[in-house]
Amino acid sequence: GAGVSQTPSNKVTEKGKYVELRCDPISGHTALYWYRQSLGQGPEFLIYFQGTGAADDSGLPNDRFFAVRPEGSVSTLKIQRTERGDSAVYLCASSLTPVWGLGKTGELFFGEGSRLTVL
Amino acid sequence: AQSVTQLGSHVSVSEGALVLLRCNYSSSVPPYLFWYVQYPNQGLQLLLKYTTGATLVKGINGFEAEFKKSETSFHLTKPSAHMSDAAEYFCAVIERGAQKLVFGQGTRLTINP
């Protein structure tokens, strides 16, 4: 596809369950970001991948959250022992290169998000 | 730490009226600044960005924003609102050299016929 694809678009789960959310970035994009958007809030940074490695995971709220990108393309956000407070829209974004730095001003392309509801 | 404040979580204007969405940032150094728009059931889309150079930046759909360093502001404007402008708008900032985009809480724009 031409854009960033996220699946599932909607996920309803019960408290305590394990959840995986998938992001398929634009082909050739090396940088991949996960953000979380709670109701009425702006997106909050979770983690940033450059290639296969997590370059910055400082936004992950706790050790129940984990993300991987084993081949430098598709990424999976994994949430263990889900809690009601994890309910949010999880956004994925990708860019051709590391987006920002001195002299670099690239664009981040966002997917439509995966809406997670924890009952 | 850098932060972004959007004044007004909801703004309502009449069709044809001026749109003004306010954004103030806090950063220790001049950052890069962005406005994104989110239409219902769609992903975030870049409207415009300021990096260096001219402080008045023009974006898509007739929007523009002006970087005012003395006021640490990056307000978004459009001279004449259209019904299709109804959406959620997010201001975002990134410090130069960083890789984390920090978003404001968003402003929902409603256009009245």
Side-chain angles (χ1 to χ4, degrees), chain A residues 1-6 9-10 23-26 30-51 53-60 88-115, chain B residues 1-10 21-25 27 29-54 57 59-60 67 74 76 87-108:
Chain A
V4 177
S5 176
Q6 292 188 245
S9 55
N10 277 286
C23 173
D24 204 334
I26 293 172
T30 61
L32 185 146
Y33 298 75
W34 283 98
Y35 279 81
R36 178 169 70 173
Q37 187 175 13
S38 300
L39 193 63
Q41 301 295 319
E44 292 178 285
F45 171 81
L46 293 177
I47 187 170
Y48 155 58
F49 286 90
Q50 180 52 41
D56 184 349
D57 64 357
S58 61
L60 294 177
V89 177
Y90 289 82
L91 301 172
C92 178
S94 72
S95 67
L96 189 60
T97 60
V99 184
W100 300 289
L102 293 177
K104 294 182 183 179
T105 56
E107 182 172 346
L108 210 53
F109 294 86
F110 282 83
E112 294 182 8
S114 292
R115 181 177 299 277
Chain B
Q2 53 189 334
S3 65
V4 179
T5 301
Q6 291 184 240
L7 188 62
S9 57
H10 290 86
L21 305 182
R22 299 178 187 274
C23 172
N24 288 88
Y25 68 91
S27 177
V29 296
Y32 295 143
L33 295 155
F34 305 80
W35 276 98
Y36 281 83
V37 62
Q38 189 174 34
Y39 298 104
N41 301 314
Q42 293 188 28
L44 287 160
Q45 180 182 1
L46 181 65
L47 264 182
L48 49 79
K49 63 184 178 186
Y50 168 77
T51 54
T52 57
V57 181
I60 61 172
F67 169 57
F74 192 56
L76 181 71
E88 185 106 26
Y89 291 80
F90 294 94
C91 182
V93 61
I94 187 165
E95 287 188 355
R96 295 171 190 234
Q99 290 295 328
K100 244 180 289 190
L101 195 58
V102 177
F103 286 87
Q105 79 276 19
T107 298
R108 182 168 297 279

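Only this structure's heavy atoms are used, side chains among them; waters, hydrogens and symmetry mates stay out. None of the values given here were measured: they were computed from a predicted structure.
Side-chain N or O atoms of A:Y33 include none that pairs as donor or acceptor with a backbone N or O of B:L101 at under 3.5 Å.
For chain A, no part of B:E88 is nearby; none of its heavy atoms comes within less than 4.5 Å. In this structure, chain B has a heavy atom under 4.5 Å from the side chain of A:S58, while its backbone stays farther away. Within the 4.5 angstrom heavy-atom criterion, no atom of A:Q6 approaches chain B.
Nearest approach of A:Q41 to B:F90, heavy atoms of both residues: O-CE2, 3.9 Å. Minimum heavy-atom separation, B:K100 to A:Y35: C-OH, 4.3 Å.
For CD1 of B:I60, the number of neighbouring non-hydrogen atoms (other residues, nucleotides, ligands) closer than 6.0 Å is greater than 12.
The side-chain heavy atoms of A:L108 and B:Y36, taken from C-beta on, include a pair separated by under 4.5 Å.
Remark: B:Y25 engages no residue in a ring pair (Phe, Tyr, Trp, His ring centres under 6.0 Å) (not counting sequence neighbours).
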